[in-house]
Amino acid sequence: MSDTPKIVEMQVIPVAGYDSMLLNIAGAHHCYFTRILLVLKDNAGHTGVGEAPATGVVLKILTDAIPHIVGQEIGIMNQLVSDLHKRDLEENRQPKPVLPGFRPWDLERHHNAVAVLETALLDLMGQFLNQPVAQLLGPGKQRDEVPVLGYLFYIADRQKTDLEYQDGKRQEGQHPWYHLRHQEAMSHDKVVQLAEAAQDKYGFKDFKLKGGVLAGEVEIETVRALKKRFPQARITVDPNASWSLDQAISLCKDMHGILSYVEDPCGAEQGFSGRETLAEFKRATGLPVATNMIANDWRQMSHALQLNAIDIPLADPHYWSMRGANIIGTLCNAWGLTLGCHSNNHFDVSLAMLAHLGAAAPGEITPFDTHWIWQEGQHLTKNPLQIKDGKLALNELPGLGVELDMDAVGIAHQRYNNLRHKDRDDAIAMQYLIRGWAFDGKRATLVR
Ligand SMILES: O=C(O)[C@H](O)[C@@H](O)[C@H](O)[C@@H](O)C(=O)O
Ligand SMILES: [Mg+2]
């Protein structure tokens, strides 16, 4: 009936890379982070790729899907994606964690498998049509460059662990960022110094501080220090809903002109959902609110919008899917909201996913989150996109515009295979700092 290329091979390749000891509400990043690459080959000689966070569940869903995908034409990509969606729902039938006991990324896992399949298919389709993925999304390509923000963390002292963190040894002629990103940064000054180095290297105009680590008052002081140093920057803080509503209001109410928006300042408490408390926060402070915690699927989004709880949905293509996130962008543009994008540690395939999503978003967007600066240098593709002037510029290639470097992929896959803990668990490294430390979504990591 149709004439589109057939998929002749599907590979699911888990990979691992190095990370710094970045702190968040769930503990400290381990020295390794893990991702999954989905690689599809078709009989036109094209290779399509997608990247997603690595978990055992997603690996299983994708591996089980191989016989359903291989042999199919890319022309029925919508059906392939929705069939996987149905199987994904069945796999994910176990009850969701009850608020507030979930780590920020627990709810993000759902649909990672669907998203990564859709991405690899879009990559193949783009190459078949000789168009970038951004042209296949919603209104098509709207811009060539996508603004991204400098994503800052407090960094713990890796030397208090015996884990294999990189030391970032200073090297002649190398930018100071590559050293600083591995060193302890727990004070306002140290975080400002990180921001300066990141700004110098990548040209960021805007910054986000990951909070939920120190007392809220201290984190707000770090935000003030950043704003003092970068008066023109849009600055946000993200305590991952660890502040109570009252605390969030009192910390932020006088921050107009300093915080441009606040990300998940509070969440579910005392019988009220995170959507309800964010709506109250917004009314009490008048500050715009971003989220990647309480509007992560259509049902949650509908409640969030009915309550007027959010201004900036951080629509991550790794769980909304590229097309789902693009629809959020289209709705944002029509409804007076602003599209942003959430991130976790990632490799350069995900970097291209963010770039195409941003390029196809109509109207104004807020600079996207990306953890790439913590990973940059660990490439899995031959010509990774670069962050310059605080922006990611699309290349001229069709599809996602990435070509895997199979040697690098092989090394990262071996690294994954050697790991004892393959799914993310930030408590492991944290327990070197505080013996017996356990996650509590309502208590800052170091306030124990
Ligand atoms: O430590 C991190 O990398 C972050 O807390 C993420 O896990 C989290 O999903 C974050 O990026 C967020 O915006 O909530
Ligand atoms: Mg967040």
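The basis for the numbers below is simple: all heavy atoms, side chains too, and nothing from hydrogens, waters or symmetry mates. Note that ligands are numbered from 1 as they come in the structure, with each ligand's atoms numbered from 1 the same way. Starting from 1, each residue takes its place in the sequence as its number.
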*Asks:* Does the pair Asp167/Arg158 count as a salt bridge with the N-to-O cut at 4.0 Å?
*Replies:* no

*Asks:* Check whether the ring centres of His111 and His85 lie less than 6.0 Å apart, and answer yes or no.
*Replies:*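 Yes: the rings meet the under 6.0 Å criterion.
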
*Asks:* Show the atoms of ligand 1 that are less than 4.0 angstrom away from any heavy atom in Tyr151.
*Replies:*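 Here the atoms of ligand 1 in question are 4 (C), 10 (C), 11 (O), 12 (C), 13 (O).
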
*Asks:* At distances under 2.8 Å, what protein N, O or S atoms surround the Mg ion (ligand 2)?
*Replies:* Asp238 OD2, Glu263 OE2, Asn292 OD1

*Asks:* Any side-chain hydrogen bond (donor to acceptor under 3.5 Å, both in side chains) involving residues 361-375? Give me the pairs, sequence neighbours left out, ordered by first then second residue.
*Replies:*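 Applying side-chain hydrogen bond (donor to acceptor under 3.5 Å, both in side chains) to every pair that reaches into residues 361-375, excluding sequence neighbours, yields Asp19-Gln375, Lys208-Asp369, Arg234-Thr366, Ser343-His371, Asn345-Gln375, His346-Thr370.
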
*Asks:* Counting from 1, what ligand 1 atoms have a heavy atom of Asn240 closer than 4.0 Å?
*Replies:*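 Answer for ligand 1: 5 (O), 12 (C), 14 (O).
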
*Asks:* Please determine whether any non-hydrogen atom of His29 lies less than 4.0 Å from an atom of ligand 1.
*Replies:*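 Within the 4.0 Å threshold, so yes.
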
*Asks:* Run the side-chain hydrogen bond (donor to acceptor under 3.5 Å, both in side chains) test against Glu196 and tell me which residues pass, sequence neighbours left out.
*Replies:* Arg229

*Asks:* Got a salt bridge between Asp238 and Lys210, using NZ or NE/NH1/NH2 to carboxylate O under 4.0 Å?
*Replies:*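 Between Lys210 and Asp238 there is a salt bridge, with a charged N closer than 4.0 Å to a carboxylate O.
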
*Asks:* Is the closest basic N to carboxylate O distance between Arg224 and Glu221 below 4.0 Å?
*Replies:* yes

*Asks:* In terms of atom number and element, which parts of ligand 1 are under 4.0 angstrom from non-hydrogen atoms of Glu263?
*Replies:*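 Near Glu263, meaning under 4.0 Å from one of its heavy atoms, ligand 1 has 12 (C), 13 (O).
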
*Asks:* Enumerate the ring pair (Phe, Tyr, Trp, His ring centres under 6.0 Å) contacts for residues 257-305, please, sequence neighbours excluded, ordered by first and then second residue.
*Replies:*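 Non-adjacent pairs meeting ring pair (Phe, Tyr, Trp, His ring centres under 6.0 Å): Trp298-Trp320.
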
*Asks:* Evaluating non-hydrogen atoms only, which member of Leu22, Asp19, Asp264, Asn24 is closest to atom 1 (O) of ligand 1?
*Replies:* Asn24

*Asks:* Which of these, Arg415, Gln414, Arg420, Lys422, sits in a side-chain hydrogen bond (donor to acceptor under 3.5 Å, both in side chains) with Asn418?
*Replies:*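 Exactly one candidate clears the test, Gln414.
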
*Asks:* Look only at interatomic distance and state if Asp426 has a nitrogen or oxygen under 3.5 Å from any nitrogen or oxygen of ligand 1.
*Replies:* no

